[in-house]
2 protein chains.
Amino acid sequence: MSKASIDAIDRKILQHLIRNARMPFLEIARECGISGAAIHQRVKKLDEMGVILGSRLEVDPKKLGFDVCALIGIRVSDPSRYENTVETLKQIPEVVECHFITGEYNMMLKVYCLNNEHLMQILFEKILTIDGVLKTETFISLVQSFSRQIDVKYLE
Amino acid sequence: MSKASIDAIDRKILQHLIRNARMPFLEIARECGISGAAIHQRVKKLDEMGVILGSRLEVDPKKLGFDVCALIGIRVSDPSRYENTVETLKQIPEVVECHFITGEYNMMLKVYCLNNEHLMQILFEKILTIDGVLKTETFISLVQSFSRQIDVKYLE
DNA sequence: GTTGAAAGTGTAGGCTA
DNA sequence: TAGCCTACACTTTCAAC
């Protein structure tokens, strides 16, 4: 994976859209002193380069009834089972994030559940039943203090 | 935190915008059989209700040169230090996520660094120097297999 | 990079249940 | 009163320059 070459205007575009994906391009354009169409073309270029992966509306899980967030460490018996395990986890909509990590556990998941019963069901019926899953540890996220994206200003 | 009352059209709006925050409202409108203005009004209402927290452009950290992602567990000496610890962590731009969790560690962070040296610097100079931080454990994220939002279809 | 035309957004004022 | 509509000025998108 090669590092992309990004100039000051690209950074300004990313910096704004990372905070607000629906920010008007014309507003960014006025700040940069170029036309809205130019911003549009740069965003398209950053998208084609793979720098931009997409955009997302951020919703409050609690407002939608998802009262439980948990991080789950998983120990898988052997590397040959990793791919199958990821594919199975991807089919579980409650699992929103999945990392391969170093340490006692091979994988770390982030899951959102409606309540503790729902979490228990996901853990016992969906995760512990996957072939090769030896052991799990559940860390309940009591509060998510903050969540944001990397700071593009860094790259200046 | 009360669960918001969301109807089928609201769910359809969220379902689309969660995947693509810049999806044209008119496209959603045609699918729902109402006007673009009505979609706009519903999005505004969901925003005011706190269901929508914002929107974000999703970028590829690797393309921007951030080659190392790690999850860091932190043990803090006593609860009176929690607030100060969060505030200090918020000042570190490399820390993109912060949870209070159950288990051996009180907090779990997600950090993005340019390389291992950078991670070491953040860990030793920025995190271990915070008052009350007793112990940390770093889980390097070798691969982030997937990352997405909760599935609104659930709420049907 | 620019311009300009077609499509989409956001807001105001009004209609209907 | 809530939720939809149309109207219209501004913004986005895309092709041609």
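Chain letters run A, B, ... following the sequence lines, proteins first, then strands; residues in each count from 1. What you see below is based on every heavy atom in this structure, not just the backbone, and it leaves out hydrogens, waters and symmetry mates.
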Distance in Å, B:Glu104 CD paired with B:Lys135 NZ, rounded so as to fall on 0.5 Å steps =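 If we round to the nearest 0.5 Å, B:Glu104:CD and B:Lys135:NZ are 3.5 Å apart.
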
Report yes if at least one side-chain N or O of [X] is closer than 4.0 Å to OP1 or OP2 of [N]; otherwise report no.
| X | N | answer |
| --- | --- | --- |
| A:Ser35 | C:dT2 | yes |
| A:Arg30 | D:dT11 | yes |
| B:Arg22 | C:dT9 | no |

Map A:His40 and B:Lys45 onto DNA chain D by nearest heavy atom, then report which one ends up closer to the 5' terminus.
->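 Residue closer to the 5' terminus by nearest nucleotide: B:Lys45.
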
Where the side chain of B:Ala38 is defined as all heavy atoms beyond and including C-beta, which of C:dT9, C:dT11, D:dC4 is the nearest nucleotide?
-> D:dC4

Of the listed nucleotides C:dT2, C:dT9, D:dC5, the one nearest the side chain of B:Phe25 =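 When the side chain of B:Phe25 is considered, C:dT9 is the closest of C:dT2, C:dT9, D:dC5.
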
What is the distance from [atom1] of [X] to [atom2] of [N], rounded to the nearest Å?
| X | N | atom1 | atom2 | result |
| --- | --- | --- | --- | --- |
| B:Glu27 | D:dT13 | CD | P | 12 Å |
| B:Ile28 | C:dG8 | CD1 | C1' | 12 Å |
| B:Lys44 | C:dT11 | NZ | P | 6 Å |
| A:Leu17 | D:dT11 | CG | P | 16 Å |
| B:Leu26 | D:dT6 | CG | P | 11 Å |
| B:Leu46 | D:dA2 | CG | P | 15 Å |
| A:Ile34 | D:dT12 | CD1 | P | 13 Å |
| B:Ile9 | D:dG3 | CD1 | P | 11 Å |

Considering only heavy atoms and no angle criterion, is a donor-acceptor pair shorter than 3.5 Å present between the side chain of A:Gln41 and the base of C:dT2?
-> yes

A:Glu87/A:Lys90 salt bridge by N-O under 4.0 Å criterion = yes

Does a salt bridge link A:Asp78 with A:Arg81, judged by any charged N lying under 4.0 Å from a carboxylate O?
-> yes

Are B:Asp10 and B:Lys45 side-chain neighbours, meaning at least one heavy-atom pair lies under 4.5 Å?
->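 Yes; the side chains approach each other to less than 4.5 Å.
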
Looking only at heavy atoms, what is the nearest atom pair of A:Leu123 and A:Thr136, with distance?
-> CD1-OG1, 3.9 Å

